[in-house]
Each structure stands twice: as C-alpha cells, then as structure tokens.
Protein chains: 2
Amino acid sequence: MTSPGSPEGTKEEADACRFERDPFQWDVREDCQVRQILDRIADKWSLLVIALLDEKTLRFGELVREIDGISKRMLTVTLRNLERDGLVGRTVYPEVPPRVEYELTPLGRTLLGTTQALVSWSEEHQEQIARARQEFEAANGAD
Amino acid sequence: MTSPGSPEGTKEEADACRFERDPFQWDVREDCQVRQILDRIADKWSLLVIALLDEKTLRFGELVREIDGISKRMLTVTLRNLERDGLVGRTVYPEVPPRVEYELTPLGRTLLGTTQALVSWSEEHQEQIARARQEFEAANGAD
DNA sequence: CTGAATCCGAGTTGATACTG
DNA sequence: CAGTATCAACTCGGATTCAG
C-alpha cells in the first residue's frame, strides 16, 4: 500500500488528519475527513452491500432479499450514500417493469481487500470473542 | 447494536455464518456472530480506542482527552464493550486517587492490522471521495 | 480520579402505505 | 419493480449527578 505520510496534500483540512508521529498513532479530531469516511463505510449495512456487490451487479430487490433484516428504506439510504461517495454505481434501465442495477465502481473495488480482511478477522476470532464474553459475564454476573 | 428482539447466544449458530461458497460471498443473516462483531468493532469509537491503545496503555482520563468529542459516558460504554469482547484489558490500581489503565489484549492486537488498513484506505481515498461527493451533489442538485 | 446511573433530546430505523 | 413519504418506535449520546 501507499505510505501514509505522502506529502502531497496541500489541503489544509486533510492535513490536520494525517498521521503525525508514528504510523499507528493518528489524530482523532472529530471534523476529520477520515472519521467521516470511516463512519460511512463501517456502518451497519455498507460493508454487507459492498461485499455482495463484489462478484456481480445486483438489482435492488435482490439486495433486499440477500441482506437479512434490512428494510427497503435502509437499503435505499445505504445505497444512496455509497453512490454519493462514488463507491457504488447505479444504472437505471428504462424498461417495464423498471430495472435498476447496482455495481461497485473502481473506487469501491479498492475497498474490497480491507472489508474482506475485516470479515475474515471476525470469522476467525468469533469463537475467541464468544469465549471472552462468557468469561466476562461470569466474572461480572452479567450486568 | 443488537436488535431488540433478536434471540442470540447459541454456540452452534456461529456455524451458519461461515463462508459457504466463495471466499467473497457470505451469509448475511442478522443473528450472525460475524455481524455482531463487525457492528462492535466498526462503531464510532471502538476503532479509535483500539488505535490509541496500540502503543501504550492509557488511563481513562487520558483517553477522554485524546479522543476529541467523546464523552465520559461513551468512553465507558465503549471500553466496557471492548473489555467484554476480550479486546481490551483493564487494570485497577488500588491507590488514592484511583488509577485505571487500559491496554490491548493479544486478541485486540490481532485487529490492529485490519483497522490500520481501514484508516489508511480512508486516508488515501478521502480526496477521491470528496470529489465524488461534489459531482454527485452537482448532478443531483444537492438535495 | 474513575465511572455508574438517570434523564432526556436528537438522530436513526422500521412498518406501512403510496407512486411511477 | 423500485423506490418515496410519513409516522412511530427505538437507540444513541450528552449533560448532570452521585458514589467509591
């Protein structure tokens, strides 16, 4: 990956959010762009949508059915946000009945590695976490 | 986080959440362990706390001051959740005044790579996203 | 100093009904 | 089919207060 400290940023806003000391220590100001982006892609549904769109474009209804528990409303909102951020593309086919397909943009594709890593981590450690929870509950009498 | 009426907590259910076909296609059931874990580590503050605890243990007050915008309440809640999941360790020193230090557990450390990747991605693509947003607003008359 | 408990407003989400 | 509109429910988060 690219080095975080690339000094090309003349944007003063971005500047305030860059790595400042070590690569592992970052400035966590609330108005930071990174924070906003993180909040978006790490929300409840975005990761799932991105993951599902990895292989093939999907229609709205297909996404609703694939994602257990999502409402049409939230899917619409999520899709809009992703579209807004240039991560997902939306194509309307002027047919009857209407058909709308969603697909990852090249930018959206660059996220795949990371999201998959997150999911994989969760997968690999879910048992360990479950165990930790049990111990915690046991030690603290569950609330 | 967890849905109000969602029954959870069965160990064998985790099985239903594993990758089933391709490495990129996962089951996205709502009661999936992975989903729950994802919701936890991807929440508004957890990533920041984990990142800050990477280098050194920190006291409660230090974390409050480091994380711009967080309240004591939310830090307490976040810390407790992370502790519950075994990602963060809590050490109380029976002194006066009281001192409590937080540190990453080995399990918590395994998350660092992924979280850093996420942050790096956000860093590297923030301008691209900002541009995409502008275009989107322009095209859609900025709702 | 740490942090639990309570109150309460604000923002989010879901169910339903409706439109093109 | 693909959304939008609306309202009610819910949750989150902050301020404050209290306790060890």
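As a basis for the values below, the full set of heavy atoms in this structure was taken, side chains included, without hydrogen atoms, waters or symmetry mates.
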Okay, side chain of B:T57, backbone of B:Y102: is any donor-acceptor separation there less than 3.5 Å? no
For the backbone of A:H125 and the side chain of A:Q128, can you confirm whether one donor and one acceptor N or O come within less than 3.5 Å of each other? no
Return no unless some side-chain N or O of B:R73 is found under 4.0 Å from OP1 or OP2 of D:dT16. no
For a quick test of reading the model: is some side-chain N or O of B:T76 closer than 4.0 Å to OP1 or OP2 of C:dG3? no
Are B:N81 and B:R40 packed together at the side-chain level, in the sense that at least one heavy-atom pair is separated by less than 4.5 angstrom? yes
Choosing from [options], which nucleotide comes nearest the side chain of [X]?
X     : options               : result
A:R90 : D:dG3, D:dG14, C:dT2  : D:dG3
B:M74 : D:dG14, C:dG3, C:dG14 : D:dG14
A:S71 : D:dG14, C:dG3, C:dG14 : C:dG14

Round to the nearest Å and state the distance from [X] atom [atom1] to [N] atom [atom2].
X     : N      : atom1 : atom2 : answer
B:N81 : D:dG13 : CG    : P     : 11 Å
A:L75 : C:dT13 : CG    : P     : 13 Å
A:I70 : D:dG3  : CD1   : P     : 13 Å
A:F60 : C:dG20 : CZ    : P     : 18 Å

Tell me what B:Y93 touches on the nucleic acid: a base, only sugar-phosphate, or nothing, going by heavy atoms under 4.0 Å. nothing
Quick check on DNA chain D: between A:V100 and B:K72, whose nearest nucleotide comes earlier from the 5' end? A:V100
Assert: residue with more 5' nearest nucleotide on DNA chain C, out of B:R65 and B:R80, is B:R65
Quick check with a 6.0 Å cut-off and a 45 degree axis cone: is B:R84 positioned over the face of A:F136's six-membered ring? no
